[in-house]
Amino acid sequence: MPKVRPLAPRALGSRTWTIPDAYLPAKGPKGKPGYVGHESLCILNTGAKDAHLRIGFYFADRDPVPDVAVTVPAQRCLPLRFDNPDHLGGFVVPREVPYGLRVDSDVAVVVQHSRLDVTQPNMAFLSAVAHPG
């Protein structure tokens with residue numbers, strides 16, 4: 001069997017990402033405690049340095065929250081659940097309010113956005129790579 005060389009750390013992705021359609025859905029119907037509506041970002045840092053991010057939340061009807069700090073260690077991925085304020089330095093994302101996101105990083109990272117909506121019987125899940133640049 002051929003020997004596989006380990007991948008050298010190399011920062012892949014972009015330093016700025018945007019998500020125009022974000023929405024933390026309702027928690028979900030009673031009687032289904034194992035299913036909680038949520039929204040998340042998964043950030044992949046393939047580089048050799050920790051990534052220091054600033055996440056901005058932009059709303060249609062209120063002032064933005066432009067500077068939520070998050071660190072992603074080198075060569076790691078970090079899933080951020082937006083229904084968990086501990087993941088966002090204490091910031092509480094309002095449920096059932098549309099917003100947009102901007103992610104700025106000091107090194108290149110890859111950002112994926114996901115949402116689970118459990119408010120309907122069949123549930124709905126979406127996931128997409130954010131817009132770089």
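Each residue takes its place number in the sequence, starting with 1.
For W17 (side chain) and V109 (main-chain N/O), a donor-acceptor pair under 3.5 Å exists by modelled atom type. Side chain of R102 to main chain of T18: no donor-acceptor pair is present (N/O by atom type, distance under 3.5 Å, no hydrogens or angles). T46 places a side-chain N or O within donor-acceptor distance of the main-chain N or O of L12, the cut-off being under 3.5 Å. For R15 (side chain) and S105 (main-chain N/O), a donor-acceptor pair under 3.5 Å exists by modelled atom type.
Between the CG atom of D106 and the NZ atom of K49 there is a distance of 8.5 Å, given to the nearest 0.5 Å.
For an aromatic pair to be called close, the ring centres must be under 6.0 Å apart, and F57 with F82 satisfies this.
Between I43 and L80, some side-chain heavy-atom pair lies under the 4.5 Å cut-off. Counting only heavy atoms from C-beta outward, the side chains of V93 and Y99 approach each other to under 4.5 Å. By the 4.5 Å heavy-atom criterion applied to side chains, L53 and V72 are counted as neighbours.
For R62, the CZ atom is densely surrounded, since the number of other residues' heavy atoms within 6.0 Å is greater than 12.
Smallest separation of non-hydrogen atoms from V68 and V65: CG2-CG1, 4.0 Å. When all heavy atoms of E39 and L24 are compared, the closest pair comes out as N-CD1, 3.5 Å.
Side chain to side chain, D50 and T71 fail the donor-acceptor criterion of an N or O pair below 3.5 Å.
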